[in-house]
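A quick write-up on the structure given underneath.
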Amino acid sequence: MADRNIENASTEVPEIPDELERVLVFALDEAKEKIEGGEDVIPFTTLVVKDNLFIESHPGDSAEECFEAAEKNVRGARGADCYAFCYDGYIETDDGVKDALIAEGGVPGSEEGYAIAYLYEVDDEGTYTFESEAAYIGEAPNFMAALKEPVAYADDEIDERYRDEEADAEGDEVEEDDAEGDDAEEAEEVADTVEKAEEVVEDAE
């Protein structure tokens with residue numbers, strides 16, 4: 001996603017809606033854990049719909065493909081409260097180009113979105129060092145600009161995959177008891193994500 005460009009014509013940090021800010025930071029933390037665990041960060045979106053948090057990856061051969069897939073996913077998310085689109089990229093600073101985990105997001109009906117980032121450095125041994133706090137880096141396109149407030153949609157107007165009240169952060173339930181070996185480890189990671197996602201949603205209530 002190195003081809004993405006975030007504009008920041010102002011030095012002022014805007015007031016980001018609380019729920020959106022929590023979802024943006026959640027997405028950054030998820031990406032940070034992946035990198036620190038030796039995994040690649042595949043661009044992904046997180047959506048808050050009906051008190052559930054849904055995560056979906058958007059792989060692609062180019063930044064544009066990932067961007068289009070994420071936009072298409074969010075644009076059709078009627079009934080969603082907010083979203084984050086997270087990826088590994090870079091930003092230009094006064095000290096030059098810096099690697100960064102970036103999360104863009106927005107709320108329904110707002111003209112512009114917001115972008116925050118964890119700047120990081122990688123030493124010769126491949127060790128990552130992240131800034132302690134996320135930094136606001138500028139305005140971003142809002143994939144939800146054409147959507148209405150969640151309450152404006154009847155249940156039958158909301159995509160059925162978002163209507164399941166028992167849906168977890170990955171969109172599927174995980175049964176840890178049936179997992180063994182690598183599957184057990186993966187189930188534990190997913191369960192971890194689910195727990196953190198539930199905390200994000202609970203904090204928003």
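Residues take their numbers from the sequence shown, with the count starting at 1.
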Does a donor on one side chain and an acceptor on the other come within less than 3.5 Å for Y114 and E21?
-> no
Flag side-chain contact, heavy atom, 4.5 Å: I116 against L28 | yes
Residues that F44 engages under ring-ring contact (aromatic ring centres under 6.0 Å, His included), provided they are two or more places apart | none
Side chains of V41 and L101 in contact at under 4.5 Å (non-hydrogen atoms) = yes
With V74, the side-chain contact (heavy atoms from CB on, under 4.5 Å) member among T45, N142, T46 | T45
Distance from E30 atom CD to I55 atom CD1, nearest 0.5 Å?
-> 5.5 Å
To the nearest 0.5 angstrom, please state how far the NZ atom of K72 sits from the NE2 atom of H58.
-> 11.5 Å
With sequence neighbours left out, write down each residue that passes salt bridge (Lys or Arg N to Asp or Glu O under 4.0 Å) with E121, or none if nothing qualifies.
-> K98
So SG of C66 and CD of E71: to nearest 0.5 Å the spacing works out to 13.0 Å
Flag yes if more than 12 heavy atoms outside E157 fall under 6.0 Å of its CD atom; otherwise flag no.
-> yes
Side chain proximity check, P141 to E104, heavy atoms < 4.5 angstrom = yes
Please indicate whether E92 has more than 12 foreign heavy atoms, meaning atoms of other residues, nucleotides or ligands, lying under 6.0 Å from its CD.
-> no
Residues in side chain to side chain donor-acceptor pair (under 3.5 Å) contact with D156, at least two apart in sequence or another chain | none
Carefully, step by step, assess R161 and E56 under the rule salt bridge (Lys or Arg N to Asp or Glu O under 4.0 Å).
-> CA-CA 12 Å; R161 62 179 167 160; E56 185 168 341; 3.0 Å; yes
Using a 4.5 Å cut-off on heavy atoms from C-beta on, say whether the side chain of L53 contacts that of F26.
-> yes
Within the 6.0 Å centroid threshold, strictly below: Y83 and F85 | no
Any D40 side-chain heavy atom under 4.5 Å of K34 side chain = no
Quick one: do T129 and D123 satisfy side-chain contact (heavy atoms from CB on, under 4.5 Å)? Show the steps, please.
-> CA-CA 8 Å; T129 303; D123 63 23; 5.8 Å; no
Answer whether the closest heavy-atom distance between the side chains of D81 and V49 falls below 4.5 Å.
-> no
Starting from the C-alpha separation in whole Å, work towards a yes-or-no answer on ring-ring contact (aromatic ring centres under 6.0 Å, His included) for F67 and F143.
-> CA-CA 10 Å; F67 175 84; F143 297 163; 5.2 Å; yes
Any donor-acceptor N/O pair, S57 side chain to P59 backbone, under 3.5 Å | no
Result of checking V48, L47, D18, L24 against C82 for side-chain contact (heavy atoms from CB on, under 4.5 Å) = V48
Would you say I91 and V97 make side-chain contact, with heavy atoms under 4.5 Å?
-> no
Salt-bridged, D155 to K50, with N to O below 4.0 Å?
-> yes
Give a yes or no on whether Y120 and I42 share a hydrophobic cluster (residues Ile, Leu, Val, Met, Phe, Trp, Tyr; joining criterion: side-chain heavy atoms under 4.5 Å apart).
-> no
With the side chain counted from C-beta on, respond yes when I102 and Y118 share a heavy-atom pair under 4.5 Å apart, and no when they do not.
-> no
